[in-house]
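First the structure, in the form of structure tokens, and then the observations on it.
Note that this is a predicted model, so its numbers are computed, not measured.
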Amino acid sequence: MSERARICLVDDDIFVRDAIALGLRDLGYTVKVAPGAMAGSDLIQHNEIDALVTDLRMPGASGAQLIAEARARWPTMPIIAISGASHVEGLSVIDAARALGANALLTKPFRASELATALDKLLAQPA
């Protein structure tokens with residue numbers, strides 16, 4: 001199987017993070033994982049990353065903050081927000097993800113194949 005894109009996956013829940021990472025790796029992606037927004041930002045800065053997948057609600061610096069930072073620093077990077085919540089900072093998760101600059105949103109639970117489809121679609125678009 002040929003190698004697909006390099007993904008930075010950020011989620012504070014180790015079980016969710018590991019399950020998503022395993023599913024994406026099984027589909028051929030290279031996945032770097034981080035337990036929070038600060039570690040995710042560090043991974044993106046020090047590795048070749050093609051796309052960011054981040055949970056919106058995490059303790060400490062939130063996924064919302066990470067999306068805003070990533071959008072400012074890497075304006076063309078595809079970003080997918082993921083969340084099990086229905087609202088973030090008073091907005092529906094869909095509106096919050098769009099306002100922050102995410103290209104797409106997946107609500108938990110989802111299958112790795114759904115995330116792969118969203119990633120492939122975003123990565124196929126010209127920068």
Side-chain angles (χ1 to χ4, degrees):
M1 177 184 333
S2 65
E3 192 170 299
R4 287 170 119 170
R6 297 161 299 206
I7 309 301
C8 176
L9 171 63
V10 183
D11 198 307
D12 61 306
D13 184 321
I14 189 171
F15 299 110
V16 170
R17 186 174 67 240
D18 287 353
I20 295 170
L22 179 62
L24 288 177
R25 287 180 181 129
D26 284 350
L27 293 170
Y29 292 91
T30 299
V31 183
K32 301 273 187 185
V33 296
M38 291 178 66
S41 178
D42 190 55
L43 273 177
I44 296 169
Q45 289 179 53
H46 296 100
N47 294 275
E48 290 188 38
I49 299 295
D50 299 310
L52 169 63
V53 176
T54 184
D55 191 8
L56 285 176
R57 296 183 69 183
M58 296 181 285
S62 70
Q65 291 166 300
L66 177 57
I67 291 170
E69 176 190 338
R71 186 53 66 221
R73 295 180 85 174
W74 304 281
T76 61
M77 178 181 288
I79 300 173
I80 297 178
I82 58 176
S83 183
S86 60
H87 288 81
V88 175
E89 298 175 8
L91 296 172
S92 74
V93 288
I94 294 172
D95 291 338
R98 283 190 189 131
L100 294 164
N103 300 95
L105 168 77
L106 289 177
T107 54
K108 297 175 188 176
F110 55 83
R111 297 184 186 283
S113 60
E114 293 174 84
L115 178 54
T117 297
L119 284 165
D120 289 346
K121 180 179 175 184
L122 290 173
L123 289 163
Q125 296 174 357

Can I20 be reached from L122 by stepping across I, L, V, M, F, W or Y side chains whose heavy atoms are under 4.5 Å apart?
yes
Does N103 reach the main-chain N or O of I80 with its side chain, forming a donor-acceptor pair under 3.5 Å?
no
Restricting to non-hydrogen atoms, name the atom on A70 and the atom on I79 that form the minimum distance, rounded to 0.1 Å.
CB-CD1, 3.9 Å
Counting distance only, does the side-chain N/O of R71 pair as donor-acceptor with the main-chain N or O of P75 below 3.5 Å?
yes
Considering only heavy atoms from C-beta outward, does the side chain of S41 approach that of L66 to under 4.5 Å?
yes
Is any side-chain heavy atom of L27 closer than 4.5 Å to one of L115?
no
Does M38 have more than 12 heavy atoms from other residues, nucleotides or ligands lying within 6.0 Å of its CE?
no
Under a 4.0 Å N-O cut-off, is there an ion pair linking D13 with K108?
no
So do I44 and M77 actually touch side chain to side chain, heavy atoms under 4.5 Å?
yes
Correct closest heavy-atom pair for A34 and G40 would be CB-N, 3.4 Å
D50/R4 salt bridge by N-O under 4.0 Å criterion
no
Any ion pair linking R17 and D55 (charged N to carboxylate O, less than 4.0 Å)?
no
For L56 and L100, what are the C-alpha separation, side-chain angles and deciding distance, and is it a side chain to side chain contact (heavy atoms under 4.5 Å, CB included)?
CA-CA 10 Å; L56 285 176; L100 294 164; 4.0 Å; yes
Side-chain contact, heavy-atom cut-off 4.5 Å: N47 with C8?
no
For A51, all residues meeting side-chain contact (heavy atoms from CB on, under 4.5 Å), sequence neighbours excluded:
I7, P78, L119, L123
Minimum-distance pair of heavy atoms, taken over all atoms of D12 and P59
OD2-CD, 3.4 Å
Counting only heavy atoms from other residues, nucleotides and ligands, does the tally under 6.0 Å from CD of E48 exceed 12?
no
Heavy-atom closest pair (A81 atom, I67 atom, distance to 0.1 Å) is CB-CD1, 4.0 Å
Closest non-hydrogen atom pair between A37 and S62, with its separation:
CB-O, 3.5 Å
